[in-house]
Student: 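My questions will all concern the structure given below.
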Amino acid sequence: MTISTTIAVTENTLTSLARRLVSDGHLSTESAQELQQHAKQLTQPLFTYLLSNKVLSASALAHAAASEFGLPLLDLEQFELDSSMIEILDETLILEHRLLPLGKKANTLFVAIADPTQFNSLNEIRFKTRLNIETVLVEADKLNAMIEQALTSADTALMELSDSSLDDLDFTHAEDPLEKEDEFDVNDTPVVRFINKVLLDAIRRGASDVHFEPYDKRYRVRFRLDGILQEMASPPVSLGSRMASRIKVMAQLDISEKRLPQDGRIKVNLSKNHAVDFRVSTCPTLFGEKVVLRILDSMNTELNVESLGFDEAQRILFEQHIAKPHGMVLVTGPTGSGKTITLYSAISILNTVDKNISTAEDPAEIYIAGINQVNINSKTGLSFAHALRSFLRQDPDIIMVGEMRDLETAEIAIKAAQTGHLVLSTLHTNDAPQTLTRMANMGVAPFNIAASVSLIIAQRLVRKLCEHCKKTEKLPHDAMLEEGFREDELADLNIYTPVGCDKCNDGYRGRIGIFQVMPVSEQMGWLIMEGGNSLQLAKQAQEEGIMDLREAGLAKVRAGITSLEELNRVTRD
């Protein structure tokens with residue numbers, strides 16, 4: 001074997017990075033081979049070995065790697081890191097893999113790395129974030145310095161939050177001095193300020209719920225934004241029990257009771273004219289107490305029919321039936337489908353000086369001046385049925401029942417509807433026809449249902465496409481027909497799909513209702529009294545030209561308000 005052949009064989013055993021360092025004159029072939037062998041014996045990547053043993057400078061390695069792998073090279077000293085980017089990745093991942101999230105655009109996360117051969121690290125980040133990953137090469141020493149700076153800032157954020165409004169928050173519920181005898185101080189300043197910041201962030205971002213969740217090796221805080229849960233922070237696991245206790249103190253719950261669920265309420269006075277309520281629920285889990293807060297912000301709740309999402313014909317039916325002096329209007333749908341807002345929109349229209357309006361709720365979510373609102377309290381025996389009986393002795397015009405859960409409540413509500421009162425209430429059913437059979441199954445006499453129920457509204461909430469970034473989507477002809485579109489509309493039909501930008505949440509911003517508005521006609525009344533089932537009632541509704549939820553949703557897709565993907569998420573079984 002000739003000398004040239006030996007050199008060629010040796011070079012072929014080198015990694016691509018080693019060959020680049022040899023060709024750039026940083027290493028000889030022999031030293032590159034020797035260094036690569038040493039790194040292999042220590043089970044270290046060559047890049048890490050060269051850097052840790054200071055064989056080459058971080059700058060030389062970065063330039064060689066950028067040339068070899070065709071990656072852009074960024075000078076971190078000229079880059080200003082957005083601190084909010086740190087929350088995208090868990091601190092453990094950042095430290096373990098020595099990388100840093102720099103920015104996010106739509107569904108792509110830009111990550112700074114020093115070693116371009118760390119493919120497994122990038123795959124793990126891609127899997128955990130469900131985002132596309134674009135890498136930018138940086139010098140290792142500058143990357144380490146920025147990681148340390150970023151994480152130090154994150155760690156001290158609990159102690160030194162710059163938001164001055166955190167100190168001005170006014171919590172209505174006072175703390176009980178006897179509850180301070182716990183194994184730690186529930187008024188610990190870092191925990192207090194962190195909880196305050198989370199609550200403020202949730203209000204500012206328009207979240208509907210906040211979840212504090214303990215797990216074996218991590219703790220996470222999630223917001224429900226536009227109906228979808230998103231992770232917002234991952235504080236140290238060691239703070240989990242302190243945060244749960246702090247929230248329980250704020251909600252006037254028993255912090256010594258950790259084995260049973262508890263419910264409470266927090267009122268935050270943001271200003272003289274703006275108060276936000278948080279409905280608090282705790283639940284013991286394997287690794288500590290999970291706490292969920294439902295945000296009830298009356299100031300940010302629009303109570304007008306126009307904003308609900310009715311089409312013109314549905315709105316007219318709705319307004320006609322709530323204007324009747326007696327009868328029952330039912331709103332149905334799963335939890336979180338916007339039933340309460342629909343009921344309160346009706347109440348706000350009816351709330352005039354000549355009407356006596358009373359509501360029984362568990363609990364009252366929106367406060368309206370001029371309405372007599374009662375919170376149901378099972379501990380004291382104040383049930384929906386008890387509240388309804390009391391209302392009927394107080395000269396009512398309009399009664400709202402938060403939910404008809406049992407036969408006793410349903411019968412009293414029906415009696416009220418038949419004796420000259422307008423009754424508004426909710427039920428948990430999938431569509432309008434099923435509501436009538438559900439009432440029959442509860443034990444309500446069919447003739448009472450037919451005589452009292454005048455209108456049933458089934459509803460869901462769909463996310464609205466962001467107007468700044470949505471784009472048109474083309475689907476095959478057969479697929480469009482299968483989704484429910486008509487043949488005659490396909491030629492000129494444009495449907496849109498989410499993209500994602502800095503003004504929205506993954507391509508969506510806000511939510512709107514889709515509705516099935518079904519008046520109980522004379523024919524439906526006869527069907528009910530003859531024992532007709534929900535399928536027969538649905539067929540009758542179709543014959544009367546009543547749109548079901550799917551058809552109402554397709555109208556929103558045609559108008560470019562929501563996407564077909566979102567509609568399928570909400571309406572497909």
Side-chain angles (χ1 to χ4, degrees), residues 58-59 62-63 65-66 69-157 161-163 197-198 201-202 204-207 220-223 225-226 228-235 465-471 497-509:
S59 177
H63 282 83
F69 293 95
L71 293 173
L73 183 62
L74 175 68
D75 183 0
L76 278 181
E77 289 182 346
Q78 307 301 317
F79 181 82
E80 185 174 348
L81 181 67
D82 181 355
S83 59
S84 66
M85 288 294 104
I86 302 299
E87 297 179 2
I88 293 179
L89 297 183
D90 185 78
E91 179 179 332
T92 305
L93 289 176
I94 293 174
L95 291 173
E96 180 183 350
H97 300 303
R98 309 308 298 180
L99 44 75
L100 198 61
L102 299 180
K104 181 174 174 285
K105 184 176 182 181
N107 293 322
T108 300
L109 180 66
F110 295 90
V111 176
I113 59 172
D115 180 2
T117 63
Q118 55 187 112
F119 304 113
N120 291 336
S121 303
L122 297 175
N123 287 335
E124 184 176 352
I125 301 302
R126 190 176 291 110
F127 175 78
K128 294 207 171 186
T129 63
R130 303 295 176 88
L131 297 171
N132 299 321
I133 304 298
E134 289 288 340
T135 53
V136 177
L137 208 59
V138 297
E139 296 170 38
D141 53 351
K142 295 179 181 179
L143 176 61
N144 291 333
M146 182 165 279
I147 288 175
E148 183 178 352
Q149 177 187 344
L151 294 184
T152 300
S153 299
D155 288 340
T156 57
L161 291 170
S162 61
D163 193 337
K197 184 179 189 312
V198 168
D201 286 347
R204 289 167 178 165
R205 298 195 60 175
R220 70 179 178 184
V221 179
R222 293 192 290 173
F223 290 175
L225 299 167
D226 295 333
I228 304 296
L229 281 170
Q230 297 183 22
E231 185 168 340
M232 307 307 297
S234 183
L465 285 164
C466 174
E467 292 295 332
H468 299 279
C469 64
K470 67 179 183 181
K471 68 176 182 179
T497 188
V499 177
C501 66
D502 57 1
K503 298 181 184 296
C504 63
N505 295 311
D506 298 325
Y508 297 95
R509 185 175 180 85

Student: Of all heavy-atom pairs between L143 and A114, which one has the smallest distance, and what is that distance?
Tutor: CD2-N, 3.8 Å
Student: Compare all side-chain heavy atoms of H468 with those of R509 and state whether any distance is below 4.5 angstrom.
Tutor: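 H468 vs R509: side chains apart.
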Student: Could you go step by step and tell me if N505 and R205 meet the side-chain contact (heavy atoms from CB on, under 4.5 Å) rule?
Tutor: CA-CA 10 Å; N505 295 311; R205 298 195 60 175; 3.5 Å; yes
Student: Given side chains that start at C-beta, do those of E134 and F110 come closer than 4.5 Å, heavy atoms only?
Tutor: yes
Student: Decide yes or no for V499 and C466: does some side-chain heavy atom of the first lie under 4.5 Å from some side-chain heavy atom of the second?
Tutor: no
Student: Please test M232 against D201 for side-chain contact (heavy atoms from CB on, under 4.5 Å), starting from the C-alpha separation and ending with a verdict.
Tutor: CA-CA 10 Å; M232 307 307 297; D201 286 347; over 6 Å; no
Student: Going from CG on L73 to CG on L137, what distance comes out if it is rounded to the nearest 0.5 angstrom?
Tutor: 5.5 Å
Student: Do you know the tightest heavy-atom contact between A58 and D141?
Tutor: CB-OD1, 3.5 Å
Student: Using the side-chain contact (heavy atoms from CB on, under 4.5 Å) definition, which of the options L102, I113, I125 pairs with T135?
Tutor: I113
Student: Heavy atoms, side chains only, cut-off 4.5 Å: are M146 and V138 in contact?
Tutor: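 No - every pair of side-chain heavy atoms lies 4.5 Å or more apart.
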Student: Is a side-chain donor or acceptor of K142 paired with a backbone partner of N144 at a separation under 3.5 angstrom?
Tutor: no
Student: Is Y508 close to L465 at the side-chain level, that is, under 4.5 Å between some pair of heavy atoms?
Tutor: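 Side chain of L465 against side chain of Y508, heavy atoms only: contact under 4.5 Å found.
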Student: Indicate yes or no: at least one non-hydrogen side-chain atom of P235 is less than 4.5 angstrom from one of V221.
Tutor: yes
Student: Hey, could you give me the CD1/CG distance between I228 and D506, rounded to the nearest 0.5 Å?
Tutor: 9.0 Å
